[in-house]
Amino acid sequence: MIENKKVHKFGMVIDLDKCTGCGACMVSCMSENNVPFKEDESNKKDSITWMRVYKLTNGKSFPETEIVYLPRPCQHCGGIGDHGHSPCVSVCPATATDYGYDTGIVSQIYTRCFGCRYCMGACPYHARYFNWWDPKWPEGMEKYLSPNVSPRMRGVVEKCSFCYHRYQLAREQAIVEDREIEEMEYQTACTTACPAGAIVFGDLNNPAHKVHQIVKPDPHPDPMNHKVVGKSRNPKVFRLLERLGTNPKVYYMSEREWVRKAGDNYLKGEWENVKTHHGASSSHG
Amino acid sequence: MKIDRRSFLGLGLGAAAGIALSPVGVKLTDDSSIWTQNWPWTPVPEDGEITYDRSVCSLCPGACGISVRKINGRPVKIEGLDDHPINNGGACLHGIAGLQYLYDPARIKTPLKKNGNKFEKISWDEAISLVAGKLGEIRESGTPESLGLISGADNGSMAQLFRRFMDAFGSPNTYTMPSLESNLALTAAALHSADRSLGFDIDHSDFILSFGAAIIEGWGSPVACIQANASRHERKAKLVQVDYRLSNTANAADKIIAVKPGTEADLALGLCAVLLAKTKIAKDSLSGDVNKLAFSAMLEKEYTSDKVEAITGVKAADVEALAMAFIKAKAPVAVPGKGRGDVGQSLREFAAVQALNALAGRLNKEGGVFVMWPAGYLKFPENVMDDTAEQGAGKAKLAGSVTELVDKLEKDGGLSALFIYNANPCYALNNTEKVKAAMDKVGFKVSFSSFMDETALKSDVILPASIFLERLEDVVSGAGLAKTVVGLCRPMVKPVFDTKHPGDTLILLAQAMGDSIAEGFSWDSYEACLEEVTGDIWDTLSDDGYVVIDDKPPVGTPVTDFTFLSSAPKIDVPMGEGDFTLVPVDKMRLAGGSMISSPFAVKTVSDTVLSGKYSVVEINPATAGALKDGDVAVLKTAMGTVKVKIGLNEGIMAGVIGMPRGLGHTFNNPYVAGKGVNVNDLIGPVIEPGSGLDAAFGIKATLSKA
Ligand code: SF4
Ligand code: SF4
Ligand code: SF4
């Protein structure tokens with residue numbers, strides 16, 4: 001069995017002040033991962049988009065309005081205490097979705113999935129999609145499908161895999177050459193596509209990687225909430241619904257406070273406390 | 001390799017049993033997955049060796065370098081090419097979706113001839129001799145000038161080859177579709193000198209004053225511009241956006257100057273007036289320029305900050321503060337061209353913004369605007385022209401622009417045949433009904449399209465073109481970039497259908513016409529032609545995939561001629577009646593012009609832009625009256641009436657309706673057509689005297705509940 005020497009924790013930082021909402025990441029993901037399309041995709045409830053760019057606004061009137069685009073791949077949750085029990089993984093009766101302890105990547109094995117969709121209910125990020133129909137490519141278009149990612153069938157759930165096949169390719173090469181994978185050897189399709197350079201991808205465990213340097217993840221559980229591990233010590237960086245303790249490996253970054261606040265649902269006055277704590281944890285360590 | 005699902009499940013049994021506790025559960029889940037996962041047709045993409053090939057994307061004027069990943073020679077993925085001088089590894093969603101264009105079943109698969117209302121397949125030989133025969137008749141009748149050409153771009157060897165054909169045939173009637181590039185060339189011609197263009201050094205500017213330019217939604221070379229914007233934070237460069245809605249560019253800007261739509265030129269002139277009144281530098285920069293007296297007198301009289309406030313809605317104090325912030329920056333640049341800078345633009349606006357650059361002393365300076373020389377790397381041998389050609393080509397053109405041509409054709413005809421290459425005027429020009437009617441007045445239309453678009457549908461003969469992934473071609477950057485890069489587009493696969501390189505088609509056609517025309521096109525193939533005409537740079541071009549042309553960087557301050565501005569008549573746009581002003585909105589995820597969006601691109605379009613069959617229009621809640629979010633409403637302009645959905649949006653000025661451009665295609669492709677309406681259908685052209693440009697950036701409209 002092939003094993004890596006180091007335990008990786010692959011993760012991502014998305015700079016929301018740089019993202020322009022151009023959608024290149026979405027299309028790069030779709031064409032990399034054999035994601036199908038339908039005649040009418042305007043009903044977003046049944047549109048399969050592993051990477052989906054959401055739009056948030058501060059609700060003020062022109063010209064004070066501000067918009068932020070929030071690209072949302074699967075967050076590759078580490079689960080409570082970062083022990084690998086991601087919300088979707090713990091509920092799957094078929095073990096069709098699994099946590100990779102050596103990579104931190106949450107996988108989906110389509111042939112095991114029988115479509116109960118518990119995982120979809122469990123995922124707080126709506127990152128999972130159900131195939132209500134067999135995908136159909138217009139005649140001839142199946143010629144561009146990639147052999148590295150299996151096309152999915154009706155009745156199964158699918159989601160972003162952090163382009164796991166790219167990891168496999170890089171890993172094989174590294175093993176043949178008896179060395180570790182380098183940062184740029186394994187990058188997801190959305191990261192490489194982004195013309196604004198808003199997405200950074202790498203190993204959160206590796207201090208040499210840019211993601212680690214930006215996030216500066218706190219290895220200790222959050223003293224205020226022991227479910228939370230790997231909180232960023234960079235006050236500009238946050239995770240979505242962080243307080244749930246799902247411990248996502250996708251981090252977001254913004255200079256703007258209203259954007260950081262939009263990452264969770266806060267009760268009135270609650271944000272002020274969280275904010276202070278956030279600031280405090282940045283001086284920690 | 002196919003994994004047998006049953007044995008695969010068997011392997012996972014231990015883990016599954018751990019959760020399900022009893023093997024009965026596993027058996028049940030196994031059974032149900034067999035039941036649910038019943039796929040009659042399972043694609044098994046062929047595996048093999050992975051290779052990467054370099055090429056250039058030519059879907060838009062961006063000219064980005066691309067890398068095509070292949071499995072056993074079969075392309076499976078397009079990505080941006082690292083270290084390319086234009087896009088540096090990035091790519092836009094249209095380029096990444098390129099393979100969907102390649103295999104699109106809606107492509108034109110063979111030459112076609114119209115028979116009544118239907119197209120019938122014909123062979124290439126038949127098609128060429130049919131077209132050559134018709135053109136021969138026109139020449140014999142002594143009116144070669146009645147052959148017209150509408151093409152997309154004016155640069156690169158293909159544009160010159162088409163022109164060469166028109167010259168040898170004997171017609172001056174070549175027209176290009178409005179583009180940012182052609183508008184910048186017109187601006188340069190009006191203010192500096194003909195045969196030049198303008199290049200904006202946004203990369204090195206520390207204060208970018210954009211007059212509605214959609215810098216991150218497809219203005220210029222889209223990826224290069226997005227990257228220039230992205231590096232702004234590190235460079236500490238400011239972006240100030242003059243706009244009437246919160247475009248993505250406005251959203252990224254440090255400051256938004258809200259102006260009434262259509263008054264951008266007045267604001268630019270107001271800023272010029274402040275500079276002239278308050279700074280020494282502006283007065284200095286005027287020395288040596290032409291007609292400066294009339295220009296400065298006009299500014300002094302008509303563009304006082306108070307008057308500008310009344311026209312544009314920008315407070316007089318803000319006009320003055322903006323002008324001073326602009327002049328005090330180290331390397332400011334003013335950028336013209338609303339949206340993508342193509343349809344619905346007035347030369348007055350382009351010229352006013354460029355005058356601001358001139359007054360601030362920003363011509364040919366780093367971080368400013370370059371008055372650029374033409375790329376000039378192509379050396380065609382002298383053309384062969386007989387008497388008919390000399391006579392016809394020497395005649396005056398029918399019209400000054402494609403919009404004027406349409407006007408003329410619709411009223412009293414004038415062309416007996418028309419070539420259409422790389423253009424979709426029946427979709428992309430304003431008032432498409434009129435464009436279609438003008439087309440009907442032309443007896444014989446030959447399309448070189450790759451897709452059955454709105455204009456191809458109107459044609460009599462289609463000589464289908466191979467797409468960029470199937471062909472060799474020089475692709476020149478332009479579109480407002482401050483450098484010129486020639487890239488080489490290479491065939492990534494053999495043509496998927498029975499199509500040809502349009503260069504080869506043209507050579508075959510010329511040879512079929514015989515005599516002097518054939519003599520001027522004596523190449524064996526387009527490839528041979530390209531190699532010959534790119535002479536000096538061919539080796540580098542084919543080795544590296546691109547050449548950066550910088551042999552003649554612009555030096556010195558060019559003279560500015562203000563005659564056009566001091567005499568430019570103001571025209572009345574928007575036309576019509578209604579409480580609202582309807583404006584088209586350019587979006588990165590939707591292609592406009594002659595490029596059609598791919599299914600992937602359409603899929604990414606938000607439901608606040610397209611909802612089922614409806615285009616969603618942006619309107620400020622303050623002016624929506626009884627209309628609620630998601631309501632279906634009737635939108636009426638002088639050109640037509642359509643149904644749309646209401647999208648309440650704080651990010652648009654009160655009284656303005658924003659409608660996405662790039663929807664409402666009407667050909668037969670369920671993935672990209674039949675969705676929303678074409679905003680160009682609803683806007684009537686308003687031709688600007690002196691430039692011939694269609695200045696209709698919008699139109700008055702009414703909106704009521706359906
Ligand atoms: S984002 Fe959703 S699908 Fe992804 S790991 Fe977390 S819970 Fe699972
Ligand atoms: S490609 Fe980059 S800029 Fe574009 S939407 Fe995705 S993250 Fe944002
Ligand atoms: S910006 Fe234009 S040239 Fe570049 S990848 Fe996109 S469509 Fe192609």
Side-chain angles (χ1 to χ4, degrees), chain A residues 17-18 20-24 26-28 30-32 34 37 39-44 47 49 53 55 57 59-63 65-67 92-95 98 109 111-115 134 137-147 151 153-156 189 192-198, chain B residues 3 5 8-9 12 15-16 19-20 25 29 32-33 36-37 39 43 45-47 71 74-77 79-80 90-93 96-97 99-100 103-105 216 223 226-227 230 245-246 248 251-252 256 258 588-589 599-604 606-607 610-612 620 650-653 670-671:
Chain A
D17 299 337
K18 275 193 180 163
T20 61
C22 75
M26 295 176 75
V27 171
S28 188
M30 294 192 268
S31 58
E32 180 77 32
N34 297 338
F37 53 92
E39 289 186 9
D40 180 10
E41 291 274 8
S42 74
N43 177 2
K44 301 301 174 189
S47 179
T49 41
V53 180
K55 183 172 161 184
T57 127
K60 296 190 182 157
S61 203
F62 184 80
T65 332
E66 276 180 39
I67 290 171
C92 179
T95 333
D98 202 11
I109 300 158
T111 40
R112 281 190 204 168
C113 172
F114 63 96
D134 279 325
W137 283 271
E139 197 197 328
M141 254 202 215
E142 75 284 353
K143 288 203 194 86
Y144 70 61
L145 293 179
S146 158
M153 61 297 275
R154 168 180 80 200
V156 307
T192 55
C194 177
Chain B
I3 299 171
R5 194 176 45 75
F8 196 78
L9 258 172
I19 284 176
T29 62
S32 40
S33 57
T36 53
Q37 298 176 8
W39 198 356
E46 195 194 315
D47 208 347
I71 306 271
R74 176 175 66 92
V76 297
K77 178 79 195 277
E79 302 196 297
C92 87
L93 80 170
I96 296 171
L99 296 173
Q100 294 203 314
Y103 296 114
D104 191 343
I216 53 184
V223 176
I226 291 179
Q227 290 174 342
R245 61 178 284 279
L246 191 73
N248 288 17
N251 185 53
I256 300 168
M588 191 70 226
R589 300 185 195 176
F600 274 158
V602 174
K603 176 169 168 163
T604 67
S606 137
D607 52 7
L610 173 69
S611 169
N620 191 302
E650 283 89 5
I652 188 160
M653 190 177 267
Y671 297 93

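Chain letters run A, B, ... following the sequence lines, proteins first, then strands; residues in each count from 1.
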Worksheet entry | Portion of B:Pro43 that has a non-hydrogen atom of chain A nearer than 4.5 angstrom | both
Discussion item. Shorter than 4.5 Å, heavy atoms on both sides: which option in B:Pro105, B:Gly90, B:Ala252, B:Ala601 has the most such pairs with chain A?
Written reply: B:Pro105
Worksheet entry | Portion of B:Ile652 that has a non-hydrogen atom of chain A nearer than 4.5 angstrom | backbone
Item to complete: Please determine, among A:Glu142, A:Glu139, A:Lys44, the option with the most heavy-atom pairs under 4.5 Å with chain B.
Response: A:Lys44
Worksheet item: For the atom pair CD1 (B:Ile96) and OG (A:Ser28), what is the distance rounded to the nearest 0.5 Å?
Response: 4.5 Å
Practice prompt. Answer with side chain, backbone, both or neither: which region of B:Lys603 has an atom nearer than 4.5 Å to a non-hydrogen atom of chain A?
Written response: both
Discussion item. Please tell me whether A:Glu41 and A:Ser47 have a donor and an acceptor in their side chains that are separated by less than 3.5 angstrom.
Written reply: yes
Worksheet item: Passes salt bridge (Lys or Arg N to Asp or Glu O under 4.0 Å), A:Lys60 versus A:Glu66? Steps please.
Response: CA-CA 7 Å; A:Lys60 296 190 182 157; A:Glu66 276 180 39; over 6 Å; no
Discussion item. For the backbone of B:Ser611 and the side chain of A:Ser42, can you confirm whether one donor and one acceptor N or O come within less than 3.5 Å of each other?
Written reply: no
Worksheet entry | Contact origin within A:Lys143 toward chain B - heavy atom pairs under 4.5 Å | both
Item to complete: Name the member of A:Gly140, A:Cys194, A:Gly23 that forms the most heavy-atom pairs with chain B at distances under 4.5 Å.
Response: A:Gly23
Worksheet item: Contact part of B:Glu79 toward chain A, heavy-atom cut-off under 4.5 Å: side chain, backbone, both or neither?
Response: side chain
Fill in: Interatomic distance, B:Arg74 atom CZ to A:Leu145 atom CG [nearest 0.5 angstrom]
7.0 Å
Worksheet item: Under a 4.5 Å heavy-atom cutoff, which of B:Val223, B:Leu246, B:Asp607 has the most pairs with chain A?
Response: B:Leu246
Discussion item. Between B:Gln100 and B:Phe600 (side chain of the first, backbone of the second, donor and acceptor by atom type, cut-off under 3.5 Å), is there such a pair?
Written reply: yes
Worksheet item: By a 4.5 Å heavy-atom criterion (distance strictly below it), what part of B:Asn248 contacts chain A: side chain, backbone, both, or neither?
Response: side chain
Item to complete: Would you confirm whether B:Arg245, through its side chain, and B:Gly651, through its main-chain N or O, come within 3.5 Å as a donor-acceptor pair?
Response: no
Worksheet item: How long is the span from the OH atom in A:Tyr144 to the CG atom in A:Asn34, to the nearest 0.5 Å?
Response: 8.0 Å
Worksheet item: From A:Cys92 SG over to A:Ile109 CD1, what is the distance, rounded to the nearest 0.5 angstrom?
Response: 9.0 Å
Discussion item. Taking side chain as everything from C-beta outward and backbone as N, CA, C, O, which of these in B:Ala97 sits under 4.5 Å from a heavy atom of chain A? Side chain, backbone, both or neither.
Written reply: both
Discussion item. Please check: side-chain N/O of B:Arg589 versus main-chain N/O of A:Gly21, any donor-acceptor pairing under 3.5 Å?
Written reply: yes
Item to complete: Pick one of side chain, backbone, both or neither for A:Asp98, based on which atoms fall under 4.5 Å of a heavy atom in chain B.
Response: neither
Discussion item. Which atoms of B:Asn620 are under 4.5 Å from chain A, going by heavy atoms: the side chain, the backbone, both sets, or neither?
Written reply: side chain
Worksheet item: What part of B:Thr604 gets closer than 4.5 Å to chain A, counting heavy atoms only: side chain, backbone, both or neither?
Response: both
Response to the item:
When the 4.5 angstrom heavy-atom criterion is applied to A:Asp40 and chain B, the contacting part is both
Worksheet entry | Residue selection (most heavy-atom pairs with chain B, distance under 4.5 Å) from A:Gly197, A:Gly59, A:Ser146, A:Ala198 | A:Ser146
